[in-house]
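Order of listing sets the numbers, starting from 1, for every ligand and every atom in it.
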Amino acid sequence: MPEFPPEPFRIKVVEPIKRTTRAQRERLMREAKYNVFLLRAEDIFIDLLTDSGTSAMSDTQWAALMQGDESYAGARSYFRLKEQIERIFCFKHFVPTHQGRAAENILCSLLIEPGNAVPNNNHFDTTGANVRAVGGQPVDLVIDEAKDPANRHPFKGNIDLGKLERFIEETGTENIPFGMITITNNAGGGQPVSMANIKAVGEMVHRYGIPFFIDACRYAENAIFIKQREAGYADKTPLEIAQEMFSAADGCTMSAKKDALVNIGGFLCMNDDALFERARQALILREGFPTYGGLAGRDLEALARGLVEGLDEDYLTYRLNHTAYLGERLLEIGIPIIEPPGGHAIYVDAGGFLPHIPAERYPGQALAIELYLEGGIRAVELGSVAFAYPDPTTGEIIRPALELVRLALPRRVYTQSHLDFVVETLAAIAARKDSIGGVEIVKEPELLRHFTAEFALMG
Ligand SMILES: Cc1ncc(COP(=O)(O)O)c(C=O)c1O
């Protein structure tokens with residue numbers, strides 16, 4: 001097998017993408033107030049904004065859409081999905097939801113009381129927001145190695161068990177409604193969690209009588225990382241590894257828009273009968289009847305099929321290599337990234353790449369703008385624009401440890417030559433990087449400012 005194997009699929013349907021001129025992109029970026037979220041998708045050549053809901057479905061998934069049973073209750077499509085979820089995730093119950101955050105919302109609103117705290121390696125932003133929305137406090141306990149971009153720890157998504165035990169002792173079990181772990185760890189660079197760590201975290205929280213949930217969006221990518229990197233798993237299938245991971249937990253939240261290869265969908269699983277009853281009632285109120293949740297019958301069909309395809313070992317091996325290819329080529333030309341490459345995205349260390357731009361002039365945003373101006377590529381800033389906030393008592397600005405730009409790779413969408421183009425674009429930016437200036441925020445909303453803030457170039 002070559003180091004970076006070719007795509008294990010051929011292209012049956014194509015969607016043209018548009019090349020624009022530099023002059024057009026300058027005008028479009030100006031009109032979008034230098035915020036890539038405000039660009040029209042049709043003006044983008046390669047869109048690496050997110051891997052969520054942007055996968056290409058297979059011919060069998062498209063065919064499955066026609067078999068969707070749109071019955072309000074007891075649809076055949078629900079039972080097809082149930083069979084796959086039971087086979088892979090092995091929990092007693094599940095409810096379908098329209099996407100991951102709806103599953104999080106139901107779980108958090110049923111289990112969290114004001115003043116509670118929830119530990120995780122790193123909460124994804126919607127997970128943290130759902131914990132906060134019901135008066136809880138999300139607490140991130142990832143290992144320290146995760147904070148050093150060049151550290152090649154094989155499981156940089158692991159929870160620090162010492163920190164977890166101290167957190168439980170100090171917080172008190174009565175204030176911790178459940179523990180979580182995110183596989184792979186999106187907010188921490190798409191880094192995997194080892195099987196040993198998943199089990200150790202499960203055992204520790206269970207020892208204290210605390211339930212354990214997995215944020216499972218990228219569970220299949222986590223499983224293939226375990227197969228490749230953890231002793232004792234080389235001969236296991238991704239399915240067997242997934243089953244073993246979930247056997248350590250009491251349930252999971254799932255955004256099917258990632259490893260289940262669909263454009264919309266999610267679910268919440270649990271073993272607890274009483275919690276399931278309450279989740280069903282909450283689902284009926286917010287999402288829909290328990291056999292469709294927030295989804296159409298055809299979505300349930302595509303999801304059932306996507307769960308099978310998403311665990312295919314050839315596909316998963318290609319997927320990790322596809323992402324690694326981009327990361328290793330960027331390192332070759334001297335672009336600093338979070339190492340080793342993660343599962344679904346490459347995170348460029350924009351602060352390290354543009355050291356002459358201080359954090360208060362947003363080097364990540366400056367780089368995201370340059371990627372569009374140079375090559376029509378869209379990526380997202382994950383640094384001070386997205387995460388800095390004023391300390392509620394002192395007003396001092398608290399900044400994230402790193403100023404990052406995420407290049408997220410949609411599944412089965414772009415080829416290796418698209419990735420070469422991304423590398424060439426970054427090489428062209430690197431050649432003139434000293435002339436790139438910072439940006440300032442000229443207008444911002446109160447919450448989640450990165451989506452709608454307006455910027456100006458500072459020269
Ligand atoms: C780790 C993680 N958890 C939860 C979510 C939320 O899922 P959704 O966007 O389907 O609501 C995401 C989405 O990107 C995610 O990456």
Please lay out, stage by stage, how Ile224 and Ile241 fare under the test side-chain contact (heavy atoms from CB on, under 4.5 Å).
CA-CA 8 Å; Ile224 193 81; Ile241 296 172; over 6 Å; no

Mind telling me whether Phe45 and Phe421 have parallel, tilted or perpendicular rings, with 30° and 60° as the class edges?
perpendicular

Any N or O of Thr182 closer than 3.5 Å to N or O of ligand 1
no

Can you report which non-hydrogen protein atom sits closest to atom 3 (N) of ligand 1, along with the distance?
Asp215 OD2, 2.8 Å

When you compare ligand 1 with Ser255, is there at least one nitrogen or oxygen pair between them that comes in under 3.5 angstrom?
yes

Spacing of Asn116 atom CG and Leu111 atom CG [to the nearest 0.5 Å]:
9.5 Å

Taking the six-membered ring for Trp and the full ring for Phe, Tyr or His, determine whether the centres of Phe225 and Phe155 are under 6.0 Å apart.
no

Distance to 0.1 Å, residue and atom name: give those for the protein heavy atom nearest to atom 9 (O) of ligand 1.
Arg101 NH2, 2.9 Å

Just to confirm my output: which protein heavy-atom neighbour is closest to atom 8 (P) of ligand 1, and how far is it?
Gln99 NE2, 3.3 Å

Mind telling me whether Phe9 and Tyr318 have parallel, tilted or perpendicular rings, with 30° and 60° as the class edges?
perpendicular

Check each of Thr323, Asp259, Asn186 against His344 using the side-chain hydrogen bond (donor to acceptor under 3.5 Å, both in side chains) test, and report the only one that passes.
Asn186

For atom 14 (O) of ligand 1, the closest protein heavy atom turns out to be Lys258 NZ, 2.8 Å

heavy-atom search around atom 4 (C) of ligand 1 in the protein gives Glu104 OE2, 3.0 Å

So, Tyr72 versus Phe289, ring centres under 6.0 angstrom or not?
yes

Starting from atom 5 (C) of ligand 1, locate the nearest protein heavy atom and write down its residue, its atom name and how far away it is, to 0.1 Å.
Phe124 CD2, 3.4 Å

One finds that the ligand 1 atoms under 4.0 Å from a non-hydrogen atom of Gly100 are 7 (O), 8 (P), 10 (O), 11 (O)

State whether the shortest distance between N or O atoms of Thr126 and N or O atoms of ligand 1 falls below 3.5 angstrom.
no

Strictly under 4.0 Å, does any heavy atom of Cys217 approach an atom of ligand 1?
yes

Does the side chain of Ile429 reach to within under 4.5 Å of the side chain of Phe353, using non-hydrogen atoms?
yes

For Ser384 and Glu403, does a side-chain donor sit closer than 3.5 Å to a side-chain acceptor?
yes

Note: Lys257, heavy atoms under 4.0 Å from ligand 1, region reported as side chain

If you count the atoms of ligand 1 from 1 in the order shown, which ones are under 4.0 Å from a heavy atom of Arg218?
1 (C), 15 (C), 16 (O)

